[in-house]
Number of protein chains: 2
Amino acid sequence: MSSKKPTVYDVAKEAGVSIASVSRALRKPESVRPATRELIDRAIERLGYVPSGSAQSLAARRTGVIGLFMSNLDELDDLQDFTLSSVDDARVKIDPTHHTDYHRNDSLYYDQVLRGCELETWRRGLSLMVNLGLDRNEKGLTQLAGEMAGKVDGLIVMARSVPDSTLEFLKRRVPVVMVADAPSDNEAGYDLVRVSNRKGMRKLVQHLIDTHHVDDFAYIAGPDDSPDNHKRYVGFCEGLRSRDINPETVPIYRAGFSFTVARTITLDMVTRHKIPRALVCANDQMALGVCKALTDSNIRIPQDVIVTGFDGIKESETNAPRITTVSQPMRNLGRAAVSTMVQRLENPDAEPYAIELPVTLLLRESSEGEISKKRPATNI
Amino acid sequence: MSSKKPTVYDVAKEAGVSIASVSRALRKPESVRPATRELIDRAIERLGYVPSGSAQSLAARRTGVIGLFMSNLDELDDLQDFTLSSVDDARVKIDPTHHTDYHRNDSLYYDQVLRGCELETWRRGLSLMVNLGLDRNEKGLTQLAGEMAGKVDGLIVMARSVPDSTLEFLKRRVPVVMVADAPSDNEAGYDLVRVSNRKGMRKLVQHLIDTHHVDDFAYIAGPDDSPDNHKRYVGFCEGLRSRDINPETVPIYRAGFSFTVARTITLDMVTRHKIPRALVCANDQMALGVCKALTDSNIRIPQDVIVTGFDGIKESETNAPRITTVSQPMRNLGRAAVSTMVQRLENPDAEPYAIELPVTLLLRESSEGEISKKRPATNI
DNA sequence: GAAACAATTGTATGCGCTTACATCTGCTTT
DNA sequence: AAAGCAGATGTAAGCGCATACAATTGTTTC
């Protein structure tokens with residue numbers, strides 16, 4: 001690296017023009033004569049000039065960066081200090097149950113949304129700044145979010161990753177797009193990107209009733225503070241009512257989106273001989289936990305019990321049996337979030353946007369029994 | 001959102017102090033009297049002030065942002081224009097083989113490294129900017145990378161994500177940390193973070209020979225331009241030589257880290273009756289492809305053929321049989337990269353760093369046969 | 001209680017760029 | 001050939017903050 005980074009002034013001098021021309025040649029090349037543009041391009045090349053993003057942002061009043069804020073509370077535990085140290089050898093271990101470090105709840109969901117955001121920001125010539133929002137206390141979190149807010153044009157916030165007060169604070173500074181289903185009391189001044197949780201779950205329930213004549217349900221719910229979880233339950237109830245089943249009669253078990261908790265609960269059901277015909281879960285993780293418990297108890301799926309999930313994560317597909325689920329367009333959620341943010345930035349005073357992405361009900365072995373692998377996908 | 005974002009000047013006026021004091025109260029609070037600090041804090045709170053990252057960076061000559069550049073060439077195909085459109089219903093489909101959108105080569109590897117970077121930047125109070133580097137042509141890629149370079153203090157670059165010329169260009173502007181094994185001709189002025197590819201593969205081969213008396217190998221190699229792939233092959237050869245087997249006699253098949261190609265190649269081997277005792281693959285994806293082909297041909301693993309991989313991705317663990325592999329500390333790779341970058345920034349003139357992280361040889365069913373799930377992990 | 005000094009605070013400058021406005025070119029028009 | 005004009009270029013004023021240096025206040029010493 002040479003002594004000092006070149007600036008517009010250096011380029012201007014090298015090319016024998018003014019700094020304004022240099023800036024223009026970069027910003028809107030058509031506004032500068034081809035000859036001088038050539039001159040400037042050469043100078044830039046010769047000096048290896050790269051404009052300072054900070055200065056650009058400061059002068060232009062926009063950064064071209066969109067922030068993505070997602071939290072990950074489960075992750076905190078394994079976060080010891082990391083120090084660099086050369087280790088000289090490869091260890092060998094017999095591996096009965098090796099737990100690598102990537103087993104995180106919602107991991108796939110977050111990863112996919114993130115990837116969608118990356119994709120879309122890239123497509124639009126923007127940059128993406130990612131933040132885990134890993135702080136324990138609210139003060140730290142607000143501070144963290146504030147720092148980020150100072151560096152971006154807008155902030156995409158994943159559901160449940162910041163408390164309301166922090167959100168309130170952020171909204172004062174930058175536009176916010178929330179990735180979550182709408183809270184019951186409608187929006188509070190930010191844009192929303194969500195999936196059809198309600199409709200998806202309703203359709204699923206109706207299918208179970210109409211096709212499989214299920215009239216004996218149990219519902220495995222997620223955490224109370226998740227708007228998505230809430231909307232799925234609402235859809236569940238709607239489905240039941242539309243077929244004249246009273247939702248009040250259906251037992252609800254809360255498993256907080258957790259594999260383990262769902263498994264435990266199910267085992268408990270088994271011991272108490274309280275197994276319904278169909279176990280509808282608010283997400284796939286829990287459905288997997290339920291399946292594990294049932295399989296371990298020698299209960300057949302779906303002959304004895306039908307199990308369904310929600311999300312469409314990869315495990316729902318690799319599990320045996322594969323799990324009937326409502327698949328979310330996770331990556332498109334990210335893309336939609338970025339697109340929405342861009343619209344918001346172009347149009348600061350527009351009404352709050354509320355984007356709803358469709359879901360797909362995937363009927364698989366955990367509800368349908370054997371499915372011919374030959375038959376092509378069919379829309380109903 | 002109120003009319004205009006407040007600045008230091010607003011805060012200073014509100015608190016009745018000078019802007020210098022405001023800045024100091026934020027930067028080094030101990031250098032300002034508690035009373036005035038209180039005054040300023042209140043004003044900040046009242047105005048909802050958040051410092052402008054651009055201005056801070058410009059004045060302080062550092063951004064506090066680290067860039068992560070990773071490429072993803074396979075992804076380009078599914079990248080159609082994305083437009084927002086409200087769809088009103090949930091679709092239903094029977095799902096014989098549903099392919100969701102997250103099946104990408106190296107996906108898990110990248111995800112984990114990314115996560116490690118996030119973690120470590122967060123721990124150090126920095127921000128992370130992510131870039132897919134998805135451009136097709138080199139010109140665009142250099143431009144993309146240049147834009148990023150203008151916004152960050154340093155750039156972490158994943159192996160094979162940018163051509164050498166672009167790298168050369170970047171190095172002139174910002175410190176670069178490369179996540180990859182060393183190229184054969186030693187470094188070129190940037191720092192390196194890598195895993196013990198060579199040692200890991202050597203150990204694996206020695207194990208196969210010593211414990212399972214394998215003397216008949218085939219090697220499934222990755223792409224030629226991958227330094228990691230290269231080093232793994234070197235380790236493979238070392239292992240053979242150390243047990244008096246001539247590497248020249250071992251056939252090499254190139255499958256470019258691809259599941260499909262590896263599968264095809266293996267099927268071909270089967271048809272030609274050229275199956276060796278052990279198939280050593282340069283990564284897990286290929287090992288999975290090999291297993292698929294063998295299983296479909298009713299060849300038993302490991303009784304008939306031993307298969308091994310490299311990386312330790314999740315599929316290697318969920319596959320049946322689970323695959324013996326060399327597990328990389330993927331997340332720690334990311335953390336190490338960030339740590340190295342921080343050191344580099346603190347010490348611009350130090351010699352190039354070269355961090356090597358240890359790998360773990362995981363012996364599983366694809367080479368060992370039945371492994372008791374009860375037995376705890378053992379270090380040898 | 002005044003001098004001497006340390007702790008705080010204020011003033012002014014510059015970080016590198018964008019952009020409104022002024023100036024200058026090279027043409028076209030009559 | 002002079003005037004008029006659009007296009008190209010230059011000039012200068014910030015953008016919001018950090019910080020060196022100057023000015024001020026508070027504290028200690030004898």
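Worth knowing before you read on, the calculation uses all heavy atoms, side chains too, and leaves out hydrogens, waters and symmetry mates. Here is how names work: the chains are called A, B, and so on, in the same order as the sequence lines, proteins then strands, and each is numbered from 1.
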> Counting just side-chain N and O atoms, does B:S21 come under 4.0 Å of either OP1 or OP2 of C:dG10?
Replying inline: yes

> Are side-chain heavy atoms of A:L192 and A:I355 found at a separation under 4.5 Å?
Replying inline: no

> Considering only side-chain heavy atoms of B:P51, which listed nucleotide, D:dA12, C:dG10, D:dC17, is closest?
Replying inline: D:dC17

> Looking at CE of B:M70 and CG of B:N131, how far apart are the two atoms once the value is rounded to the nearest 0.5 Å?
Replying inline: 9.5 Å

> Within the structure shown, what part of the strands sits under 4.0 Å from A:S23 by heavy-atom distance: base, sugar-phosphate, or nothing?
Replying inline: base

> To the nearest 10 degrees, how far apart in direction are the end axes of the helix from C:dG1-D:dC30 to C:dT30-D:dA1, each fit to five base pairs?
Replying inline: 30°

> Side chain of B:T36: nearest nucleotide among D:dA18, D:dC15, C:dT9?
Replying inline: C:dT9

>> Regarding A:E147 and A:K151, does a basic nitrogen lie under 4.0 Å from an acidic carboxylate oxygen?
In response: no

> Can you give one letter per nucleotide of nucleotides 20-25 of chain D, going 5' to 3': B for a protein heavy atom under 4.0 Å from the base, S for sugar-phosphate only, - for none?
Replying inline: B-----

> To the nearest angstrom, how far is A:E30 atom CD from D:dA8 atom C1'?
Replying inline: 13 Å

>> Nearest whole Å is fine: how far is C:dG16 P from B:R173 CZ?
In response: 9 Å

> With no hydrogens and no angle check, do the side chains of A:T166 and A:T142 hold a donor and an acceptor under 3.5 Å apart?
Replying inline: yes

> Within the structure shown, what part of the strands sits under 4.0 Å from B:V17 by heavy-atom distance: base, sugar-phosphate, or nothing?
Replying inline: sugar-phosphate

>> Using side-chain heavy atoms (C-beta onward) and a distance below 4.5 Å, is A:Q343 in contact with A:T340?
In response: no

> How many Å lie between CD on A:E38 and P on D:dT9, as a whole number?
Replying inline: 13 Å

> Any side-chain N or O of A:S57 less than 4.0 Å from the OP1 or OP2 oxygen of C:dC17?
Replying inline: no

>> Is it the case that the base of C:dC17 and the side chain of A:Y9 share a donor-acceptor contact (distance under 3.5 Å, atom types as modelled)?
In response: yes

>> Using whole Å, what does the distance between atom C1' of nucleotide C:dC17 and atom NZ of A:K5 come to?
In response: 15 Å

> Just checking B:L26: base, sugar-phosphate only, or nothing, at a heavy-atom cut-off of under 4.0 Å?
Replying inline: nothing

> Is the phosphate of C:dG16, meaning OP1 or OP2, less than 4.0 Å from a side-chain N or O of A:Q56?
Replying inline: no

>> Expressed as a whole number of angstroms, how long is the span from B:I19:CD1 to C:dG10:P?
In response: 11 Å

> Nearest-Å distance, CG (B:L58) to P (D:dG16)?
Replying inline: 12 Å

> What is the nucleic acid contact for A:V32, judged by heavy atoms within less than 4.0 Å: base, sugar-phosphate only, or nothing?
Replying inline: sugar-phosphate

> To the nearest angstrom, how far is A:R62 atom CZ from C:dC17 atom P?
Replying inline: 17 Å

>> Could you measure the distance from the CG atom of A:D10 to the CD1 atom of A:I19? Nearest 0.5 Å is fine.
In response: 11.5 Å

>> Just the rounded figure in Å: distance from C1' of D:dC17 to CD1 of B:I44.
In response: 13 Å

>> Just so I know, are the side chains of A:V338 and A:L68 near enough to count as touching, which here means a heavy-atom distance under 4.5 Å?
In response: no

> So, does B:D181 use its side chain to make a donor-acceptor pair with the main chain of B:R194 at under 3.5 Å?
Replying inline: no

>> Does C:dT18 have its OP1 or OP2 closer than 4.0 Å to a side-chain nitrogen or oxygen of A:R27?
In response: yes

>> Nearest to the side chain of B:S18, heavy atoms from C-beta on, is which of C:dG10, C:dG14, C:dT9?
In response: C:dG10

> Taking B:F69 as the fixed residue, which of B:L132, B:V152, B:V162 is the one that meets the side chain to side chain contact (heavy atoms under 4.5 Å, CB included) rule?
Replying inline: B:V162

> With a 4.5 Å limit on heavy-atom distance, are the side chains of B:E118 and B:R115 in contact?
Replying inline: yes

> Is B:E168 salt-bridged to B:R172, cutoff N-O under 4.0 Å?
Replying inline: no

> Taking the nucleotide of DNA chain C with the closest heavy atom to each, which residue, B:A60 or B:P34, is nearer the 5' end?
Replying inline: B:P34

